[in-house]
Asks: 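First the structure, which I've put down as structure tokens, then a few questions once you've had a look.
Quantities reported herein were computed from a predicted structural model and do not represent experimental measurements.
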Amino acid sequence: MRDSQRSAPAAPGNLPLELNAFVGRSAELTRLTEALGTARLVTVTGMGGVGKSRLAAHAAARTDVRDGAWRVELSAVRDPDLVEYAVVEALGLTDQTSRPPRRVLLDHLAERQLLLVLDGFEHLVDACASLVGELLRRVPGLRVLAVGRRPLEVGGERLFPLAPLTEPEAAELFAQRAAARVPRFALHDGNRSDVRELCRRLDGIPLALELAAGRLAALSPTQLLSRLEDRFRLLTGGARDAPPRHQTLRTAIGWSHELCTPEERLLWARLSVFAGQFDLEAAEYVCSGDGLHSDDVLDVLGELLAQSVLSREETAAGVRYRMLDTVRAYGADWLEATGDADRLHRRHRDWYMGLATWCELDWFSPRQGEVAARVDTELPNLRRALEHCLTEPGEVHLGQYLAGSLWFYWVGCGRLSEGRHWLERSLDAEDGTQEQSRLKALWVLGYVAVLQGDTVPALSALMECREEAERRGNATAVAYAEHRTGCLALVTDDMARAETLLRSALDRYHEIGELNSNVLMGQVELAMTLAFQGDLPGAVKLCADVRRVCEDHGERWALAYALYVLAYEALAEGDTARARDLLQECLGIAHTFHDLLGTVLSVELLALVTAVVGDPAEAAVLQGAASRMWPSVGLPLFGSAHYNAPHERCEAMARERLGDERYAECVRVGARLEQEAAVARALGPADGARTLGAVPSQRRLPPENREPAVSPTSKGGETTG
């Protein structure tokens, strides 16, 4: 598991930074903070747009918890089965095992003291209540701050209903937001009464006030007030049985909607098909046509930004846009009313299938890092596209294609568990067609299961894929199925069979002209089988070739595993300085991609290098750090004699120099390190100052160095991707 907790050690967590001033709510903020100090579950309830999320974020930031406050945004999650994955993701965890995500959470949280903020859970209340109830029962150091429109109804829950702003606070909020839109705007005797009346008529709802302030670039407060009067009568006349607070919010949003031009209303409705963030190119493709030319989307989108219907965000993937959930829901109602919803959802699906196809191809390029960041950002929309494919008749094969095309993300960026969820679901939903996409989903599922150490399902999927591919004459699918079956033999210590299958798969790749990260990983995995069997020159030759190809194509992920094998050889030859340099480069790449297997294997081998150069105490610390990571990968060192060899040798050397008690103490120190700290320590200078001092020892490898002293990972890119 990757316990990646964002950097600031004084304030761990992932609470968003505020871009606008927090206005009013001082009394509520104090009371909510006090409630969090006395209750383990506090639920902030209230109507949409009343400011629940911002108040909760500020209260969480003021709550002193050792391991920080972590926010989970659930508004874009539609499938109850993905709630636990969303929490795992928000906590920055990477788990590549077959363990259920709830088990991952329980293990991660067991010894921690943190605050979990679940925001926007109301459409997932049953799944969230089940998860929160069990976590609170079994994790004594956990507190939960839930934010939604209704209670969770979990034992021990303390409700915190949030009312709209008072009139003075509402006027202050309106004035601040208006000044941001119109720099010279200020409250004065000429507009004060209109602003107060506007705030009163909008019932002090922050969302409504911000939408109103967004219109001041074109209208005066007096004009706003007169138009609001008309829209109130229009939008309340047909919904007398709805709760008053829903009428009020719908009035605010509907009024803003009616002030939009026809093109703005049309784009608003069409943008509702997106989940979470989206970019301009996606909006232009998905939302254009039938009344809105693609060249006009940018200008119309800019108007929606100016009116606070959309917000603009800077991300690792570039400029993105987001629509508030309540605003999105309003737009979705209008989209349904136009009768165009099905077409827009298909266009959304097509865009994200195209994006996944492009990303799969671009993974084998210098843009690997950009691809990883892009898919991270687009994950909510990719999930929505997958959901659409798997629930629409006749489109299951598209879901299989999409889930299979994302193999590089599932296995290369620490998303094995979620990848397996979608792959199995797409194959379970099989509608009788035998498409090429199904073969791809099968071998990717086998690949994922191999990496999780789940050998029976892996073998079943790979055998089915190969038999069907041979029957249909699909040479590409045969090659991939044979490759992954060779990986399965590798991780189960059947070196002879692994070598035979991997050589055959590489020959097949050559025959069909296949060259990508998978092919390079096949070479690295073959090199591992040779290294495990003592043929170090053969292993080095293969990895040197991989290194050249990676450098030619800008590939980094497969390169990391080639560097690992080259480090293995350098250590066996007694060149510890070169081995350390290679391993630190390998570790840096693996950690960048959140590749947990590559990370932990690098740390394990760096521990042996550290012991060999005469610092057994630090070697033991690194072994302790690795021991904390292994449960999230699977069985420590895969239960393999080959993988265990370097670990056992390092432990023996450290125990001999330190003694059992001192060795155990150092291991405990390492086991307490979070992953970020462990990686930083492993990447530090070999002679840097450390809390535990070095214990001198000989710098030359013992005579048995010609045995497989270090274990280049059999899973190579397989286990990390």
Side-chain angles (χ1 to χ4, degrees), residues 1-6 12-15 32-33 35-45 52-53 56-57 59-61 63-160 414-418 421 628-629 631-632 674-675:
M1 183 183 304
R2 172 178 168 267
D3 300 341
S4 174
Q5 301 187 359
R6 294 165 176 82
N14 67 344
L15 295 177
L32 181 55
T33 305
L36 286 169
T38 59
R40 294 184 61 214
L41 170 60
V42 179
T43 302
V44 181
T45 60
K52 302 184 296 294
S53 296
T63 303
D64 184 18
V65 278
R66 186 187 67 199
D67 297 305
W70 298 83
R71 179 174 179 265
V72 185
E73 174 56 62
L74 294 172
S75 61
V77 178
R78 290 292 176 265
D79 185 349
D81 292 339
L82 295 180
V83 168
E84 293 163 10
Y85 291 106
V87 179
V88 168
E89 177 183 354
L91 289 173
L93 309 182
T94 298
D95 188 82
Q96 299 184 355
T97 71
S98 58
R99 291 185 301 165
R102 185 170 298 197
R103 180 73 262 166
V104 172
L105 290 171
L106 288 169
D107 290 346
H108 172 74
L109 297 171
E111 302 298 327
R112 286 176 168 78
Q113 296 177 12
L114 59 77
L115 174 65
L116 195 62
V117 183
L118 297 180
D119 198 353
F121 67 81
E122 52 269 352
H123 58 299
L124 302 162
V125 65
D126 291 338
C128 289
S130 170
L131 176 62
V132 168
E134 183 170 2
L135 290 180
L136 289 174
R137 286 192 301 271
R138 301 180 61 180
V139 182
L142 176 67
R143 278 182 276 174
V144 176
L145 176 57
V147 185
R149 300 179 190 179
R150 54 165 294 177
L152 278 172
E153 297 182 349
V154 172
E157 181 180 37
R158 177 169 175 177
L159 296 182
F160 193 95
R415 299 280 185 171
L416 289 176
S417 184
E418 181 171 349
H421 167 85
R628 178 170 178 162
M629 300 179 201
S632 296
E674 299 284 354
Q675 186 180 326

Asks: Closest approach of Pro12 and Trp70, non-hydrogen atoms and distance?
Replies: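 Closest approach of Pro12 to Trp70, heavy atoms only: C-CZ2, 4.5 Å.
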Asks: Using every non-hydrogen atom in the two residues, find where Leu74 and Ala86 come nearest and quote the distance to one decimal.
Replies: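 That would be CD2-CB, 3.9 Å.
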Asks: Using a 3.5 Å distance criterion without hydrogens, assess whether the side chain of Asn14 forms a donor-acceptor pair with backbone atoms of Ala90.
Replies: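 Side chain of Asn14 to backbone of Ala90: a pair is present.
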Asks: Hey, what do you get for OG (Ser417) to CD (Glu84), rounding to the nearest 0.5 Å?
Replies: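 Answer rounded to 0.5 Å: 9.5 Å.
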Asks: Walk me through whether Val87 and Leu118 qualify under side-chain contact (heavy atoms from CB on, under 4.5 Å).
Replies: CA-CA 8 Å; Val87 179; Leu118 297 180; 4.3 Å; yes
Asks: Between Glu157 and Pro151, is there a donor-acceptor pair closer than 3.5 Å when you use the side chain of the first and the backbone of the second?
Replies: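 Looks like no, no N/O pair under 3.5 Å.
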Asks: Decide whether Thr38 and Arg158 meet the rule of one side-chain donor and one side-chain acceptor closer than 3.5 Å.
Replies: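 Side-chain D/A pair, Thr38 to Arg158: present.
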Asks: Looking only at non-hydrogen atoms, find the nearest pair between Ala56 and Leu145 and report the distance.
Replies: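 Ala56 and Leu145 have their closest heavy atoms at O-CD2, 3.5 Å.
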Asks: Mind checking the CE-CD spacing from Met629 to Glu674? Nearest 0.5 Å is all I need.
Replies: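 Rounded to the nearest 0.5 Å, the CE-CD separation comes to 10.0 Å.
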Asks: Determine yes or no for a side-chain-to-main-chain donor-acceptor pair under 3.5 angstrom, with Arg40 supplying the side chain and Leu142 the backbone.
Replies: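 Yes, because the side chain of Arg40 sits within donor-acceptor range (under 3.5 Å) of the backbone of Leu142.
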Asks: Between Leu91 and Leu105, is any pair of side-chain heavy atoms under 4.5 Å apart?
Replies: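 Heavy-atom side-chain distance check passes, below 4.5 Å.
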Asks: Any donor-acceptor pair under 3.5 Å linking the side-chain atoms of Arg102 with those of Ser130?
Replies: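 Checked: Ser130/Arg102 side chains pair up, N/O donor to acceptor below 3.5 Å.
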Asks: Is there a side-chain contact (heavy atoms from CB on, under 4.5 Å) between Arg99 and Asp107? Walk through the geometry before answering.
Replies: CA-CA 10 Å; Arg99 291 185 301 165; Asp107 290 346; 2.5 Å; yes
Asks: Report the C-alpha distance between His123 and Arg78 in whole Å, list the side-chain angles of each, state the deciding distance to 0.1 Å, and finish with yes or no for side-chain contact (heavy atoms from CB on, under 4.5 Å).
Replies: CA-CA 8 Å; His123 58 299; Arg78 290 292 176 265; 3.3 Å; yes
Asks: Find the distance between CG (Asp126) and CG (Leu131) and round it off to the nearest 0.5 Å.
Replies: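 Rounded to the nearest 0.5 Å, the CG-CG separation comes to 12.5 Å.
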Asks: Supply the atom-to-atom distance Leu116 CG to Leu136 CG, rounded to the nearest 0.5 angstrom.
Replies: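 Rounded to the nearest 0.5 Å, the CG-CG separation comes out at 9.0 Å.
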Asks: Measuring from Lys52:NZ to Leu32:CG, what's the distance to the nearest 0.5 Å?
Replies: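 Answer for the NZ-CG pair, Lys52 versus Leu32, is 13.0 Å.
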Asks: Closest approach of Phe121 and Arg150, non-hydrogen atoms and distance?
Replies: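 It is CZ-O, 3.0 Å.
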Asks: CG of Leu82 to NE2 of His421: how many Å apart, nearest 0.5 Å?
Replies: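 Leu82 CG to His421 NE2: 4.5 Å, rounded to 0.5 Å.
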Asks: Is there a side-chain contact (heavy atoms from CB on, under 4.5 Å) between Glu134 and Leu106? Walk through the geometry before answering.
Replies: CA-CA 9 Å; Glu134 183 170 2; Leu106 288 169; 3.7 Å; yes
Asks: Would you name the heavy atoms of Val77 and Asp79 that are closest together and state the gap between them?
Replies: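 Where Val77 meets Asp79 most closely, the heavy atoms are CG1-O, 3.6 Å.
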Asks: Between Cys128 and Val83, what is the shortest heavy-atom contact and its length?
Replies: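 The answer is SG-CG1, 4.0 Å.
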